[in-house]
Amino acid sequence: GERRNVKVIGRRQYDALKQKFETAQLSAEKCLPELQGACVFDDAEMSIPMTLLLEPAWECELMTQEIFGPLLPIYKVNDVTDAIARVNSVL
């Protein structure tokens, strides 16, 4: 449908995901879809849009902590070896 938000079960989890997103967004090249219209964080409903973050900082919590939510960081890599090395450097 038009609305692509995912409900989060608890307030604490919602607030944590929102904070991780806001921090990651500061360093990301782009956020898709752009947050506007029906595709926004809804505090009353505790729902988050399915969102891709392009190239956020490797040090942000979105990358250093395991999250369960509709936020997906996307990175450009040269090859599989490069991808594995980058992920292992964060762990």
Q.
Let's go through V6 and S47 carefully: what are the C-alpha distance in whole Å and the side-chain angles of both, what is the deciding distance for side chain to side chain contact (heavy atoms under 4.5 Å, CB included) to 0.1 Å, and is it a yes or a no?
A. CA-CA 5 Å; V6 176; S47 65; over 6 Å; no
(Q) If I compare all heavy atoms of P56 with all of L53, which pair ends up nearest, and what's the gap? (A) CD-O, 3.4 Å
Q: Might you work through the side chain to side chain contact (heavy atoms under 4.5 Å, CB included) test for E45 and N5, ending with a clear yes or no?
A: CA-CA 10 Å; E45 293 287 323; N5 282 20; over 6 Å; no
Q: State the CE-CG distance between M50 and L71, to the nearest 0.5 angstrom.
A: 11.5 Å
Q. Can you list every salt bridge (charged side-chain N to carboxylate O under 4.0 Å, His left out) pair that touches residues 63-76, not counting sequence neighbours?
A. E29-K76
Q: Indicate yes or no: at least one non-hydrogen side-chain atom of V8 is less than 4.5 angstrom from one of K18.
A: no
(Q) Quick check for you: to the nearest 0.5 Å, what is the distance between S89 atom OG and E59 atom CD? (A) 8.5 Å
Q: State, to 0.1 Å, how close A57 and S27 come at their nearest heavy-atom pair, and which atoms those are.
A: N-OG, 2.8 Å
(Q) Does I9, at its CD1 atom, have more than 12 non-hydrogen atoms belonging to other residues, nucleotides or ligands within less than 6.0 Å? (A) no
Q.
Students often mix this up, so state it plainly: with edges at 30° and 60°, are the rings of W58 and Y75 parallel, tilted or perpendicular?
A. parallel
Q: Take F21 and L62, measure what side chain to side chain contact (heavy atoms under 4.5 Å, CB included) needs, and give me the verdict at the end.
A: CA-CA 7 Å; F21 167 79; L62 190 65; over 6 Å; no
Q: Check the pair R11, M46 against side chain to side chain contact (heavy atoms under 4.5 Å, CB included), reporting the backbone distance first and the verdict last.
A: CA-CA 7 Å; R11 173 60 61 184; M46 292 191 311; 3.4 Å; yes
Q. Do the side chains of Q19 and E61 get nearer than 4.5 Å, heavy atoms only?
A. yes
**Q.** Residues that, via side-chain heavy atoms closer than 4.5 angstrom, fall in one hydrophobic cluster with L52
**A.** L32, L54, L72, I74
Q: Tell me who clusters with V80, hydrophobic residues only, linked when side chains sit under 4.5 Å apart either directly or through other members.
A: I84
Q: Using a 4.5 Å cut-off on heavy atoms from C-beta on, say whether the side chain of P73 contacts that of M63.
A: yes
